Amino acid sequence: MRGDDELNTLDAAVSQVWEQIQRKTNQMRSVIGAKSPHVAGEDGRYDDMRIDWWTSGFWPGILWIVYDMTQDEDYKHAAWPWDERLSKHFLESNGFDHDVGFQFLPTAVIKYKLTGDADALRRGLSAANYLAGRFNAAGNFIRAWNGDKYGWSIIDTMMNLSLLFWASEVSGDPRFAHIARRHADMVVKEFVQGDGAVHHILRFDPLTGERVEALGGQGAAPDSAWSRGAAWAIYGLANTYRYTKDAAYLEAAERVVSFFLAHLPEDHVPLWDFRAPDETGGIPRDSSAGAIAASGLLELADLVHTDSGVQYKAAAERILMSLYNQYGTWDRSGHEAILLQATGHKPAGQNVNVSLIYGDYFFVEAIAKWKGWKHRVF
């Protein structure tokens, strides 16, 4: 799973890591093409999900990052049509939900930032309008999922708030940011537990807005500590602080960071759930949670100009170096993904010890940041 040589410090090795990413992305481009990947299992081949599935923005997002870092037009051409492909589904029955930020930030928004394309701007704003329309004013939350889950909210939505903040900036309309802040305030109050652990799902009464219960979701239990949820919270709260400069979001992010880092195992890559009982002889890792958290820690390090910021950057480096040295597919020429040992939905027995496209995306994003990439979309 290691690269050409096991690397010890990211500062000294970032160019080598980036070269490996470029080689891998070239390989992925040739085999994934226009597919919408989510999971690669034991055979190392990515699946092809429907285009409105929540992970559909991450593969083109990788292409846009590598294009921006290299100015190789082949990546740009491969990434270019994705926002149009996605937006067409707004005109028909679709599965879009709270995760449109995951789909349109790394497609339409980054395309607009890098090229100024007017259609990409329009598509990004349309997605922001859709996300804003899911806001429940009684409970101050953006509704998760579809069907009859009218009062459900999940921690993942923190990452989608950047779409609303961006929409306010480019349109001049503050309503998007108002909704984002009200949802973030609710998350600080209701999702972040006293010790810094984070709930995955909360259910509210959709009429009164009153909290009803916490649900385990993809974590081990309602009050457990699902590591990817903590990673979403770290990164999403850091982003909210970046946009608002409200210290309450920074304090909440740092509280989650303290819990997250204190519970990492020796190799710095998180277990699927930090509180999961070890009933079967081993709790699976989630490399995707590590990659997300590392990128979020780099955001915090860029925002906090104190010793804490230095510590956040060092923690991100430890996670990224472990992912590179121990969890990469660099020596597996036929494997279509970048990172191994991710966990999707352990309680449902789905996608355990697999590769996940969002783990790959946030690893590429984090390494690009380390190398100086500045065109943030989340």
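Sequence positions, counted from 1, serve as the residue numbers for this chain. Given the structure is predicted, the values throughout are model-derived calculations rather than measurements.
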Is any side-chain heavy atom of [X] closer than 4.5 Å to a side-chain heavy atom of [Y]?
{"X": "Tyr327", "Y": "Arg285", "result": "yes"}
{"X": "Ile367", "Y": "Met69", "result": "no"}
{"X": "Ser153", "Y": "Met186", "result": "yes"}
{"X": "Thr9", "Y": "Met321", "result": "no"}
{"X": "Val66", "Y": "Trp18", "result": "yes"}
{"X": "Gln16", "Y": "Tyr324", "result": "yes"}
{"X": "Arg181", "Y": "Tyr243", "result": "no"}
{"X": "Asp223", "Y": "His199", "result": "yes"}

Grab the two heavy atoms, one from [X] and one from [Y], that are nearest each other, plus how far apart they are.
{"X": "Thr107", "Y": "Gln103", "value": "OG1-O, 2.6 Å"}
{"X": "Ile234", "Y": "Leu297", "value": "CG2-N, 4.4 Å"}
{"X": "Tyr46", "Y": "His38", "value": "CE2-O, 3.5 Å"}
{"X": "Gly296", "Y": "Ala238", "value": "O-CB, 4.4 Å"}
{"X": "Val269", "Y": "Ser322", "value": "CG2-OG, 3.5 Å"}
{"X": "Ala316", "Y": "Leu298", "value": "CB-CD2, 3.7 Å"}

For the side-chain contact (heavy atoms from CB on, under 4.5 Å) test, which of Ile51, Asp52, Leu86 pairs with Asn94? Asp52

Can you hop from [X] to [Y] via hydrophobic side chains spaced under 4.5 Å?
{"X": "Val377", "Y": "Met158", "result": "yes"}
{"X": "Leu114", "Y": "Tyr361", "result": "yes"}
{"X": "Trp145", "Y": "Val212", "result": "no"}
{"X": "Ile292", "Y": "Trp373", "result": "yes"}
{"X": "Leu164", "Y": "Phe90", "result": "yes"}

Verify whether one side chain among [X] and [Y] offers a donor that lies under 3.5 Å from an acceptor in the other.
{"X": "Ser224", "Y": "Asp273", "answer": "yes"}
{"X": "Arg134", "Y": "Asn160", "answer": "no"}
{"X": "Asn140", "Y": "Asp185", "answer": "no"}
{"X": "Asp11", "Y": "Trp370", "answer": "yes"}
{"X": "Tyr150", "Y": "Asn136", "answer": "no"}

Taking [Y]'s backbone N and O only, do any of them form a donor-acceptor pair with [X]'s side chain (distance below 3.5 Å, no angle check)?
{"X": "Asp68", "Y": "Trp64", "result": "no"}
{"X": "Ser287", "Y": "Leu340", "result": "yes"}
{"X": "Thr329", "Y": "Leu339", "result": "no"}
{"X": "Gln218", "Y": "Arg228", "result": "no"}
{"X": "Asp47", "Y": "Val39", "result": "yes"}

Kindly assign one of parallel, tilted or perpendicular to the pair His263 and Phe274, based on the angle between their ring planes and the thresholds 30° and 60°. tilted

Tested for ring pair (Phe, Tyr, Trp, His ring centres under 6.0 Å) against His200, the lone hit among Trp152, Trp272, Trp226 is Trp226

Atom [atom1] in [X], atom [atom2] in [Y]: separation rounded to 0.5 Å?
{"X": "Leu300", "Y": "Leu237", "atom1": "CG", "atom2": "CG", "answer": "8.5 Å"}
{"X": "Leu202", "Y": "Glu213", "atom1": "CG", "atom2": "CD", "answer": "9.5 Å"}
{"X": "Ile357", "Y": "Ile62", "atom1": "CD1", "atom2": "CD1", "answer": "4.0 Å"}
{"X": "Tyr130", "Y": "Leu163", "atom1": "OH", "atom2": "CG", "answer": "12.0 Å"}
{"X": "Arg275", "Y": "Ser227", "atom1": "CZ", "atom2": "OG", "answer": "12.5 Å"}
{"X": "Tyr67", "Y": "Ile110", "atom1": "OH", "atom2": "CD1", "answer": "10.5 Å"}

Would you kindly check if the NZ (Lys) or CZ (Arg) of [X] is within the cone defined by 45 degrees around the ring axis of [Y] and under 6.0 Å from the six-membered ring centre?
{"X": "Arg143", "Y": "Phe135", "answer": "no"}
{"X": "Lys111", "Y": "Trp82", "answer": "no"}
{"X": "Lys24", "Y": "Trp330", "answer": "no"}

For this output row, return yes or no: ring centroids of [X] and [Y] closer than 6.0 angstrom.
{"X": "Tyr241", "Y": "Tyr249", "result": "no"}
{"X": "Trp232", "Y": "Phe102", "result": "yes"}
{"X": "Phe58", "Y": "Phe362", "result": "yes"}
{"X": "Phe378", "Y": "Trp166", "result": "no"}

Can you tell me which residue among Lys313, Lys374, Arg242 is in a side-chain hydrogen bond (donor to acceptor under 3.5 Å, both in side chains) with Asp302?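 Running side-chain hydrogen bond (donor to acceptor under 3.5 Å, both in side chains) over Lys313, Lys374, Arg242 with Asp302 returns exactly one hit, Arg242.
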
Got a sec: does the [atom1] of [X] have more than 12 other heavy atoms crowding it under 6.0 Å?
{"X": "Glu73", "atom1": "CD", "result": "yes"}
{"X": "Glu210", "atom1": "CD", "result": "no"}
{"X": "Lys189", "atom1": "NZ", "result": "no"}
{"X": "Asp43", "atom1": "CG", "result": "yes"}
{"X": "Arg175", "atom1": "CZ", "result": "no"}

Applying side-chain hydrogen bond (donor to acceptor under 3.5 Å, both in side chains) to Thr115 and Asp117, what does each step give before you reach the verdict? CA-CA 5 Å; Thr115 72; Asp117 182 73; 5.1 Å; no

Please test Asp119 against Tyr112 for side-chain hydrogen bond (donor to acceptor under 3.5 Å, both in side chains), starting from the C-alpha separation and ending with a verdict. CA-CA 8 Å; Asp119 287 330; Tyr112 172 68; over 6 Å; no

Under the criterion side-chain hydrogen bond (donor to acceptor under 3.5 Å, both in side chains), I'd like the reasoning laid out for Tyr75 against Asn26: C-alpha separation, chi angles, the key distance, then a yes or no. CA-CA 9 Å; Tyr75 292 107; Asn26 276 329; 2.6 Å; yes

Could you please spell out the steps behind the salt bridge (Lys or Arg N to Asp or Glu O under 4.0 Å) verdict for Glu365 and Arg376? CA-CA 9 Å; Glu365 182 192 76; Arg376 308 286 205 265; over 6 Å; no

